[in-house]
Amino acid sequence: MATTAAAMMRVRRDVWKMSKAGSWDPDLLWYAKAVEAMKKRPLDDPLGWRYQAAIHEYRRASDPFSNPTDLLPSQSDQDDFWGQCQHGSWYFLPWHRMYLLHFERIVADTVVQLGGPADWALPYWNYSDKSNPDAMKLPPEFIAATLPNGTANALSIPQRAAVQPDGDFGLTALEVDIKGCLDEDEFEDSAIGTSSGFGGEKTGFVHNGAYPGVLEITPHGDVHGAVGGLGGFMGRFSTAALDPIFWLHHANIDRLWQVWRDRNAKHLDPVDTDWLTPVGIKFSFHDALGNVVIHAPTDVADTSVALLSYRYEDVSDPFPAALAAGALVGGGSTVPKANQPAEMVGATAAVALGAAPVTASIALSKPSGPVSLAAGGDPLRVYLNFENITAKQVTGGYVVYVEPAGDALTHKGLVAGTLPMFGVVEATSRQSPHGGSGLSYALDITEIVNAMESKHQWDPNNLRVRVEPIREAPSNSGLKIGRISVFYR
Ligand code: C2O
């Protein structure tokens, strides 16, 4: 059985194309049944639902299913297999791909055990699909209380943001805007003060690293925060993978890696051996037979190899026009992304965030080096950094506006991006590995600055920024940004 499964090419389908009003697609029904079966397996069973979620992170104190009869895996097994997720790192994409792969095979094996077909594949949730008016909603199979036979539906869980009967839970177009990530030309960019590229900055093994890549911020982090709300599973590392939608969200993130690579001949995975075959880093999992497997990113870079054997139903580029026109793709990429350090030209003091919008006015100075201004006095690239964001409790995401000079402060300004708060509590906690310094984000605002300049709304001495909650945000989360800084490059 295992060998046939390995040779077969699985097709990961778009969940919204599987979802037809009133009738369940067999693969979604099998998913529900397999989740139910996996939930019955004990905490220390690598093929069980709770163990699979613990691979992402496990906290006994906040385990919603904690039970006195639980047997925990040995400490060394916990060290090797649990709390492994790679965030704020160039390993974000390959690690989650490995994680999904084995999860998919465990579900598929469970489906076979339950009498289902051999070719079950993990669906993906394309919330950014502009051709589908329902894209940003939860598919009906994930909110229906029961399966067609009247038994409880394991895909529907109460630990989410409030969901309307039609699946709307308030996810906004801003949070699923993938133009920004797809326009990143580099997979990784580790220069201080700049965005971290499509896939994240170069790091060692990090559970919650400093600067996530653009894809990891939007849509990845935003979707987590929106589905999880203020107390749901998707909002925290330790519970995220207990929500069955987590896996469809990550299948889409994994799919976007392929979309990005196909988009432009310049879009390449790292060639650095520290990424391909890192020395001293073990990404360990259990396969569907329960055997330990260890992978390096190079093993999973191509989904058509025997180990992976899957493809996505649709990896077409949602913004192909720029390519057809022969234009360079990239946020302001008529400007070369100079391979030089960036320089800070202004910063605020600490900024507290709560339920109300906050406006900051940042005095800018001329760079004194290493960055020099181009002819005409313009920086090549401008980045807005939100450094060391910390919070004591889960809170919602924020949207950042840059306000053109001359506009009233009440004007909403131009959207610079979002600040999702997925992982903020973990990144704040000094107890968690690499924790304590909080989340940090760098948003590329070059295009916005160019647009303001062309309208004579750019003030080289001052930048006004407005940060406001995307949806409900508690006033007492203790949310604080260490500083907001502006870097030129
Ligand atoms: Cu490791 Cu979406 O999370």
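Excluded from the calculations below are hydrogen atoms, water molecules and symmetry mates; all remaining heavy atoms, backbone and side chain alike, are included. Just follow the structure's listing: the first ligand is 1, and inside any ligand the first atom is 1. From a predicted model like this one, the values you see are computed outputs, not experimental measurements.
Not counting sequence neighbours, F487 has no partner by the ring-ring contact (aromatic ring centres under 6.0 Å, His included) test. Scanning for side-chain contact (heavy atoms from CB on, under 4.5 Å) contacts around V11 gives R13, R311, E313, with sequence neighbours left out. Applying the salt bridge (charged side-chain N to carboxylate O under 4.0 Å, His left out) test to K480 and every residue at least two apart in sequence or in another chain returns nothing.
Metal site remark for atom 2 (Cu) of ligand 1: H224 contributes an N, O or S atom at a distance under 2.8 Å.
When you scan the N, O or S atoms of H220 for the one nearest atom 2 (Cu) of ligand 1, you land on NE2.
Figure legend: cation-pi geometry between R12 and Y310, with NZ or CZ positioned under 6.0 Å from the six-membered ring centre and within 45° of its axis.
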Please report the C-alpha distance between K17 and D25 in whole Å, then the side-chain angles of each, then the deciding distance to 0.1 Å, and finally whether the salt bridge (Lys or Arg N to Asp or Glu O under 4.0 Å) criterion is met. CA-CA 10 Å; K17 292 186 182 138; D25 180 278; over 6 Å; no
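Residue-and-atom listing of protein N/O/S atoms under 2.8 Å from atom 1 (Cu) of ligand 1, sorted by chain and number: H56 NE2, H87 NE2, H96 NE2.
Between the side chains of H87 and E216, at least one donor N or O sits under 3.5 Å from an acceptor N or O.
Between H96 and Y91, a ring centre-to-centre spacing not shorter than 6.0 Å is recorded.
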